[in-house]
2 protein chains.
Amino acid sequence: MIVTLYVDNVNIKFILCYNRTKFSERKYVEVSNETYHHVNLKAELIEKGLKLLDEEGYENFSLRKVAKACNVSHTAPYRHFSSKDDLIMAIAFEAHYKFNQCLEEAVKKYPNDNKSQLKEMGYSYVKFFVENPEYLRLLFLSDLANNFKNKHFDTYENCEQPFQTFYRAVERLQEESKNHAAGNDADPNAMALSCWGLVHGMAILIAKKDFAYEGDYLELVKKILWSGSFLSR
Amino acid sequence: MIVTLYVDNVNIKFILCYNRTKFSERKYVEVSNETYHHVNLKAELIEKGLKLLDEEGYENFSLRKVAKACNVSHTAPYRHFSSKDDLIMAIAFEAHYKFNQCLEEAVKKYPNDNKSQLKEMGYSYVKFFVENPEYLRLLFLSDLANNFKNKHFDTYENCEQPFQTFYRAVERLQEESKNHAAGNDADPNAMALSCWGLVHGMAILIAKKDFAYEGDYLELVKKILWSGSFLSR
DNA sequence: TACACTATGTTTACATCGTCAACATGATAG
DNA sequence: CTATCATGTTGACGATGTAAACATAGTGTA
């Protein structure tokens, strides 16, 4: 049942929920969306799940903990997700979106300079995963991430956007320098793999703390991306 | 590795195992077939564990399955490893050893050419993980790998060898080109991070099938490593 | 030889986990 | 008013990691 209240002239909608075991102990929980029922818990599961993933790490993540965080029985998530993996995929979708936003902001920073776009994007790429190390697993390193594309390409087609954003920048640069390109830069695949590989590798090494360095990692990355050997010609 | 020998018409099984702390002291220990005490269960757990990891993947790996594969009760591994993580660390140790061997072979291929050494090592690096994708998680991508160094540096100190092998090659190259180095190549950290990052990133992208390419991946990697933009100056 | 100690097995038990089946409730459509 | 469907709940299951208590075998020592 939906309850509408006016607090300080603001219209707030509530949904009537019930407590875990006893129907007598009911409480009101705010609804984030106009649509009632299903949408609410689903969104909350994704949100709390992402938080849990951040806080406790991928390997300590459990469906039951997410359910508990939402004050809901341990099987309630099954009304919205077919399995634990399905929930994780939905969370990964959310992460893809954030990651893509991050890359697109980098592109916007240099509207007319393809090289700078790619360098800035590389920097943002590394920075994003250094700041959100759990997303690394979500997007790339788990078994799930491996199957993400194949299994859910239709449902979550937007998840491919980060890669598209990256590739498009590479393509633009190649188009621009087509005439005087030589070596790797003449081979689109070689250029894409080397650009992406470098950035991807640095992000993982730093985020996973495999690269020991006393100074500021991100400054080092900036130095690498903006100097000679990267996109030099 | 299990070795079967016939001595005086008697079939004797041996297991190739290693001493807890030292890599170099590998020895053969006899396995008795039908005794209550399984003479070399520790080595067998590592061996079967590695096999299981290869076959079923990291996320489907379980202590109880390894125990079953060794025909032993599900708590027997606790006599040799303090936890599941401890077993995985021992397996990771084994994987580190193989990986390092792979890198050192690459170095030996070009005894007097530092640049070629590094290129060949990069190629072997990628090839190794493309051929053994589960090792990627074992060595780098699991939560455990994250803590590997800190927790077990003393016990498994040799596990650092692959990185040392890599770093030494970078150092040699830098020493060699010290006089005419410029840009990144003048900064050891920048050079190490960019070299390692590129190779690491390509290995992961290809092994995890995140980089879509119709042709031969390894040829593409070779092209990248042996042409202009990598170690060019 | 006898015996105690230690290393290395076993069984049992427990909490947590993902998942399923059976059931309850509440919104909604007829 | 009632049947149906969406979305909750409880309870059960087997798999898992791990701890505790117990069993056995090999070893060292009297």
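Predicted model only: the values in this text are computed from it and were never measured. Naming convention: chains lettered A, B, ... in sequence-line order (proteins, then strands); numbering from 1 in each chain.
Remark: A/Lys48 NZ to A/Asn71 CG distance equals 7.5 Å, nearest 0.5 Å.
One interatomic measurement links the two molecules: CZ of B/Phe81 to C1' of C/dG9, which rounds to 15 Å at whole-angstrom precision. Counting to the nearest Å, the P atom of D/dG17 and the CG atom of B/Leu45 are 13 Å from each other. The NZ atom of A/Lys42 sits 13 Å away from the C1' atom of D/dA6 (whole-angstrom rounding). For the pair B/Arg79 CZ and D/dA25 P, the computed distance is 16 Å after rounding to whole Å. Put simply, CG on B/Leu87 is 14 Å from P on D/dT16, counting in whole angstrom units. Atom CD in B/Glu44 sits roughly 10 Å away from atom P in C/dG9 (whole-Å rounding). Atom CG of B/Asn40 and atom C1' of C/dA7 are 14 Å apart (whole Å). Taking atom NZ on B/Lys68 and atom P on C/dT10, their separation rounds to 13 Å, with Å as the unit.
Note: B/Trp196 and B/Phe166 have tilted aromatic rings, judged against thresholds of 30 and 60 degrees for the angle between ring planes. Taking the six-membered ring for Trp and thresholds of 30 and 60 degrees, A/Tyr213 and A/Tyr217 have ring planes more than 60 degrees apart, a perpendicular arrangement. Using the six-membered ring where Trp is involved, B/Phe140 and B/Phe99 have ring planes that are perpendicular, over 60° apart on the 30 and 60° scheme.
Taking the ring axis of A/Tyr135 as reference, the NZ or CZ atom of A/Lys98 does not stay both within 45° of it and closer than 6.0 Å to the ring centre.
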Inset, instruction - Spell out protein contact along nucleotides 12-20 of chain C as letters: B when the base is contacted, S when just the sugar-phosphate is, - when no protein heavy atom is under 4.0 Å; keep the 5' to 3' order. - result: BB---BBBB
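Taking the centre of each ring, B/Phe93 and B/Tyr97 stay at or above the 6.0 Å mark.
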